[in-house]
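Order of the sequence lines sets the chain letters (A, B, ...), proteins ahead of strands, with each chain counted from 1.
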Amino acid sequence: MEEVPIIKMKGIVKIYSDGTKALKGVDFSVKKGEIHGLLGENGAGKTTLMKILSGMLHPTEGKIYVNGSEVTFKSPADALAKGIGMVHQHFTLVDVFDALHNIILGMEGHGAFSKIDVERAKEKLQKLMDELNFQVPLEVPVENLPVGVQQRIEILKMLYRDVDVLILDEPTAVLTPIEVKELFDVLRTLKNQGKTIIFISHKLREVMEITDRVTVLRKGELIGTVNTSEATPQLLARMMVGRDVVLRVEKPPKVPGEPILKVEDLWVKGDRGEDAVKGLSFEVRAGEIFGIAGVEGNGQTELIEAITGLRKVEKGKIILNGKVITTKSPKDLYNLGVAHIPEDRINMGLILEMSVAENTILGLHWREKFVGPLNSIRWKNVKEHAKRLVENFEIVAPGVDSPAKSLSGGNQQKLIVAREVSKEPLLIVASQPTRGVDVASTEYIRNYLIKLRNEDKAVLLVSADLDEVLQLSDRMAIMYEGQFVGIVKPEEVTEEQIGLMMGGIKDEN
Amino acid sequence: MNALDMIIFNLIGAFTAMVPLVLTSVGAVVSERAGVVNIGYEGILLMSAFFGAVFAEISGSPWIGLLGGAFVGMLLGMLHGAITVYLKGDHIIPGIGINLLALGVVAFGIPAVWGTAGQHQVPSTVRISPIINTSYGGISPMILITIIITFLTHWVLFRTPLGLRIRSCGENPEAADSLGISVEKYRFLATVYGATLAGLGGAYLSLDWLGTITKELSSGRGFIALANMVFSGWNPIRALIGGFLFGFFDNLSIWVSTNPGVQKIIPWQFVATLPYLVTIIIVAGIIGRARPPKWDGKPYKRE
Amino acid sequence: MKKSMFALFLIGVLAFSVVASGCIGGEKETETKTEYAGKIAIVYDVGGRGDLSFNDMAYLGASKAAKDFNLELKEVQSKQESDYLPNLRSLAKSGEYTIIIAVGFMMTDAIKQVADEFPDQKFAIIDGYVPDKPNVMSILFKENEGSALIGALAGLIAANDGKDTVGVVLGIEIPVLYKFEGGYRFGVAWAEDYYKQKEGKDVDIQILYTYTGSFTDPAKGKTAAQAQLGQGAWVIYQVAGAVGLGVFDAISEYLQSQGKEFGPPFAVGVDSAQDWIKPGVIIASMMKRVDVGVYKAVEAAVKGTFKGGIVELGLADGGVGVSTIEDIKEMLESLPEDVRAKKLEEIGVASEEELLKKIEETRKQVPDWVWDAVKELEEKIKSGEVKVPKAFNKDEIEAIRKAKDWKEMMKLAEEWESE
Amino acid sequence: MKIDTLVKPLMESIVAITIGVLIGAIVLTFSGFSPIEAYKALLDGALGSTYGIAMTLSSATPIILTALTFAISARTGIFNIGAEGTVYFGAIAAIILTNVVGNPLVGLLGGILLGALWSLPAAFLKVYRGVHEVISTIMFNWIAFYTVLYFVLGPLANPNDPNKTIEIPTSARLPLLMKGSELSWAFIIAILAAVISYYILWHTVLGYELRASGYNERAARYAGINPKRAIIWSFILGGLMSGLAGATEVMGRPPSYAISQGMANIHGYGFDGIGVSLVGRNHPIGIIFSGIFFGILKAGATAMQIEAGVPLEMVKVVQGIIVVAVAVPGLWDLIKKVVRR
């Protein structure tokens with residue numbers, strides 16, 4: 001007799017209101033007390049599936065069983081009531097509340113009008129933390145806490161609700177290797193306590209290390225579930241991508257030219273006034289891709305924003321092609337030959353409500369070609385320009401007059417790359433250029449960056465995707481807490497070395 | 001001129017004038033803490049002043065009138081909440097509509113109800129009588145009630161589960177939602193509460209303070225209450241202080257402009273701008289530190 | 001589904017709130033069709049009906065005339081000043097109206113224009129100065145004379161009680177109000193002199209005046225009146241439309257705080273017999289008989305004696321004056337039966353007699369010699385022995401404010417008249 | 001695709017108007033009037049004669065301009081409700097300048113300039129002190145009211161008729177388009193202003209930048225657009241429009257050609273404009289039509305009052321309902337759904 005799985009999802013279909021088919025009939029089941037990996041590429045439907053399980057989304061079709069009985073979740077509350085809780089990739093914490101209030105929110109006890117019993121909640125939390133063998137400060141607004149701590153608060157939040165099934169969505173994405181190790185310890189403790197954990201990831205090594213079983217999704221479809229002990233990374237990778245991973249891009253050797261970008265002793269502050277970039281110096285040469293790897297949140301964003309004129313420089317110099325550009329505005333920088341593929345496509349790179357054509361001149365709309373008498377815009381030229389970009393970059397769009405939001409994520413990203421390249425820059429600053437982009441577009445964009453390098457452009461690449469940096473860069477730096485732990489050549493380091501560096505440990509060899 | 005007289009007069013005047021401002025501001029604080037912006041308080045004040053008088057006269061009790069005013073505020077709040085919270089509509093436009101509507105409804109309603117156009121005197125039998133009568137004006141029980149409501153609201157907002165939930169809806173509805181807090185429910189409730197308090201403030205205008213209902217009785221107080229809310233940094237107790245200060249300067253400007261000595265030096269028109277200037281200056285000086293709830297005015301939609 | 005439910009709910013709430021205002025008042029009585037001898041039209045200014053002031057008074061006169069001469073009365077409101085010209089034009093265009101009456105000085109320019117366009121149409125304008133059109137009758141009032149009587153009344157009440165301050169609360173500062181303020185000042189100055197002669201004591205009565213910047217916010221009137229009371233004002237004259245309601249309320253509240261049913265301090269009403277609004281509080285009102293003016297204009301038009309030009313009504317013509325019990329009675333009687341009953345109930349009296357009795361008693365709070373003195377001044381003004389200055393602009397009111405006594409003011413009056 | 005983006009807002013406005021008119025009819029019925037008769041009188045009065053049409057268009061003039069103030073700022077992501085105060089200053093400038101130089105162009109220019117100038121403090125407070133524009137513009141409206149009141153009464157008072165300011169000299173008045181009406185060149189100017197606003201917003205670099213920062217401030221900053229500059233420009237352009245409204249009102253509307261005491265003749269246009277802009281979907285061309293629609297309501301209200309005896313306030317009720325209905329999203333989708341059934 002097979003035991004009844006704690007979670008069983010059958011024939012789950014999810015079609016979003018914009019028509020995107022995220023899940024195409026997925027079956028999924030989890031045994032009680034296991035750590036179950038949910039593996040897949042970006043866009044495979046992992047998160048969607050789990051959001052359905054946690055009541056955030058409603059399935060278009062399909063059934064969910066908990067401990068063998070069918071359930072319908074109208075909201076996360078329903079799922080929580082059944083003991084299912086999810087820690088989202090983007091934390092859902094109320095920034096201005098402290099940890100305690102974040103955790104007790106929604107189950108403060110007593111009536112709605114009575115005073116919150118802070119002491120009792122604290123006691124219960126202390127007990128939880130002791131069991132898990134970690135501590136978080138309970139009375140500091142969470143916006144002032146590091147991400148690793150915020151994640152623990154998220155986990156505590158779920159445990160406080162006595163969940164049996166804990167879903168973690170890409171929990172390691174923002175952690176240093178040491179923090180990852182600590183997280184895994186916590187997960188093991190939880191498992192020993194009898195909790196069931198679903199672990200969403202696309203990182204093979206982590207899945208191999210922590211999970212008991214793995215389910216692989218690809219493009220909204222179930223590929224299969226295997227026992228981890230019987231799997232190899234190669235097998236999982238094949239299941240995930242559907243072919244043997246050949247993502248090596250063609251990169252002919254090239255001798256870099258003159259330095260295009262020079263950064264000298266750069267200091268930049270973060271949003272909360274802390275020093276985010278602490279005295280960086282480096283250069284990027286023509287015909288070179290300089291990659292910056294590292295866990296997100298170590299000052300990469302601030303560095304990029306400083307270089308592209310979006311953030312004030314506290315100290316130091318930025319020199320472009322011999323000219324000091326430290327205090328220049330984005331507009332001046334574009335005119336001087338900087339292009340910027342921003343990390344946040346939706347909130348920065350594009351104006352989704354505006355048409356494709358209007359988006360193709362964002363940041364070069366003042367160029368002579370587009371401006372007629374009386375400061376008017378030559379829409380004819382703009383549309384030609386847009387059509388050319390759409391054609392050259394194989395962007396799938398209903399037309400240049402339709403709004404940018406009607407494009408898929410990958411095509412939106414290609415649109416940004418196309419536009420930035422059309423600025424005919426000397427330096428391309430590409431930040432997370434392939435995040436959340438489908439495989440085909442990713443390949444296209446990566447190859448295009450190589451092409452630009454081959455055309456003697458300087459490319460500064462920042463990516464949280466270590467593979468991407470390793471494959472594309474001619475030289476790479478690992479950033480940790482606002483500084484470079486080291487600048488290395490990708491072919492000369494091992495992944496282990498890089499892993500250590502990302503955790504802030506410089507390899508002594 | 002007697003300095004003591006002036007101080008007492010202005011203090012009492014400030015307490016009296018602050019009631020509709022503070023009630024509305026405190027209501028607006030709650031509403032915005034939950035993430036719903038409403039600029040229709042001007043219209044709510046006016047309509048509640050009107051309906052408050054109607055209810056009071058039908059029932060013969062000023063307190064039922066007050067409740068009636070609050071009830072009309074509540075209905076209008078439900079209208080606003082339904083549009084903004086449930087239908088995810090724009091937060092500004094319905095308020096503008098309600099303001100417009102109120103001007104029409106009240107001007108239309110006064111002659112329809114009382115047979116005299118333009119104004120109506122609320123009979124003293126259905127007016128709230130002051131607890132203490134002084135020669136500088138009465139001290140209304142509503143002043144006390146306003147202070148109590150303010151402190152209660154403050155307490156609920158910052159000390160109770162309900163308040164925690166309301167605030168979480170305005171700061172991060174996603175977080176609230178993921179913990180099973182019905183964002184829509186709390187936002188709606190907060191909006192309705194805000195409008196209800198404004199309704200109470202409106203009924204105070206006609207049933208207590210001024211004892212009359214005219215076509216333009218609210219005279220911009222709904223907007224000033226909004227400014228006061230910003231001034232308060234979305235904090236009920238500070239809204240109480242702000243409302244008091246505005247009332248104080250408003251009174252002071254009239255006192256000052258009535259003074260024969262001042263009249264010779266500054267035209268009254270410039271003295272009359274005083275409360276508004278002071279508001280702008282204070283808001284401009286303070287705003288850097290106050291930050292609105294993160295999701296203020298943004299519709300929240302799961303998916 | 002949920003959405004459409006909500007849409008319906010919304011429409012429901014909207015409809016409710018609007019409809020409620022309309023139907024609480026009950027059914028409108030269906031008008032019985034009568035054969036009229038003609039039609040007259042009256043165009044109100046933006047203050048509109050219910051100002052307890054000249055718009056209401058104009059209605060009073062027009063409705064009386066309509067009844068007396070069997071005319072159909074068409075009332076036209078104006079929402080904004082830009083409505084005046086279209087309103088008047090639309091009426092004149094139809095050519096149906098025996099006379100079109102414009103209420104308020106703000107329609108002066110509009111009347112001038114329309115009078116030229118429709119030379120056969122008869123017009124009358126209240127408070128507007130249109131001296132040179134054959135088809136426009138300008139009806140003006142000597143508010144300064146009426147206000148002088150109020151000033152005298154106020155000054156003497158204060159002096160009699162050993163007080164030294166009286167006040168006046170006004171609306172937005174517009175030159176029309178200068179006539180009131182100037183007349184009031186004259187009256188107070190005259191009272192000082194009168195009192196000195198009578199009692200042999202020097203009195204120096206200070207006049208507090210507040211331009212509140214509004215005709216619509218009663219709170220401003222209340223605050224201003226309280227400020228004036230706080231600074232010792234013993235009688236407060238209100239010339240401020242709806243703002244004046246706040247003045248009455250402030251004094252009423254003040255009296256309550258002293259446990260007094262009757263003043264002093266007193267308020268003085270304006271334009272119509274406002275005494276009934278707060279018996280015990282309002283000692284009198286400065287009557288501006290717009291109703292008489294309107295009636296006269298209609299009468300002239302109907303009887304064929306209509307003549308263009310200025311008709312100025314002062315004390316001597318009964319155009320202005322201090323309200324009498326008769327005036328109040330007339331005012332009450334002009335109201336429809338049910339409205340009147342409701343009003344009486346609102347005031348808190350059982351019958352009209354009770355109200356009048358209370359008003360009479362209010363008046364008895366002031367010694368007879370004061371009333372006699374006011375009467376004396378009235379006679380002197382009527383006879384021309386005393387002239388009250390009429391301020392038209394800022395310079396003129398300043399001159400009155402600076403003047404030392406009433407004689408100096410009278411000199412100003414004579415100067416301006418001879419100009 | 002493109003058609004739908006145009007049709008949808010249009011239909012939504014029409015649905016909103018219909019709802020307003022329908023609820024208005026209910027209210028009319030309940031208050032004892034015949035809605036059919038009332039609306040017939042309204043339409044007849046507003047459109048039934050050349051004078052009616054002239055009245056409609058002249059009523060539309062100032063509110064089209066003040067609506068543009070709101071629309072331009074709304075497109076930049078700003079809620080500028082300071083048109084009311086700006087109108088006063090536009091009128092004052094026109095009166096002063098035309099009395100110095102008796103030329104209409106000077107007056108218009110003056111209105112534009114002072115209007116733009118008066119909107120700057122709110123813009124700077126927004127940009128440099130983070131003061132929300134709804135708050136500051138409300139305060140500035142009051143300050144404008146009292147300040148202009150002072151000038152109207154004092155330095156600019158008309159010595160011959162103290163109930164208004166000195167007049168616009170005959171040489172500087174805007175000629176009438178139709179004799180015996182209030183329809184002057186001001187209407188043409190308003191239409192031009194709307195067209196120019198459209199052109200600026202959709203066909204110039206400045207407009208592109210304004211819209212970009214209105215949609216997405218971060219993206220605008222990224223694109224080398226200075227959102228602060230965009231905000232200031234949107235206040236300036238907006239102020240210019242309502243300044244123009246003030247100027248054209250005193251220069252082009254018979255009979256007074258001056259500011260009345262208490263500002264009675266230029267009062268309220270700023271707030272009316274907000275409704276016009278919303279019903280016109282904050283689009284300059286839409287505003288022309290919604291402005292004319294509001295003009296019909298206003299002109300028709302006169303007739304409705306005279307012919308059907310309906311109180312003027314009725315029209316305000318209808319307007320309010322229309323604006324609330326505009327705010328209800330998906331109204332048109334709802335109707336479509338119902339119709340399909």
Y146(D) vs W268(B) aromatic rings, parallel, tilted or perpendicular, using cut-offs 30° and 60°? perpendicular
Side chain, backbone, both or neither: which part of I224(B) has a heavy atom under 4.5 Å from chain D? both
One pair to check against ring-ring contact (aromatic ring centres under 6.0 Å, His included): F248(B) and W255(B). What are the steps and the verdict? CA-CA 10 Å; F248(B) 185 80; W255(B) 182 282; over 10 Å; no
Has the side chain of E42(B) got a donor or acceptor atom that lies under 3.5 Å from a matching backbone atom of G220(B)? yes
Ranked by heavy-atom pairs below 4.5 Å to chain D, first place among P275(B), A272(B), G95(B) goes to A272(B)
For L125(D), is it the side chain, the backbone, both or neither that has a heavy atom under 4.5 Å from a heavy atom of chain B? side chain
Region of F79(D) in contact with chain B, defined by heavy-atom distances below 4.5 Å: side chain
Measure distances from L149(D) to the heavy atoms of chain B and classify the residue's part below 4.5 Å as side chain, backbone, both or neither. both
Look only at the side chain of S277(D) and the backbone of I274(D), and say whether a donor-acceptor pair between them is shorter than 3.5 Å. no
Over 60° means perpendicular and under 30° means parallel, so tell me whether F51(B) and F55(B) are parallel, tilted or perpendicular. tilted
Which portion of F270(B) sits near chain D, non-hydrogen atoms under 4.5 angstrom: side chain
What part of L153(D) gets closer than 4.5 Å to chain B, counting heavy atoms only: side chain, backbone, both or neither? side chain
Any chance the side chains of N228(B) and S25(B) put a donor and an acceptor closer than 3.5 Å? yes
If you count heavy-atom pairs within less than 4.5 Å of chain D, which of D90(B), T273(B), I98(B), L277(B) leads? T273(B)
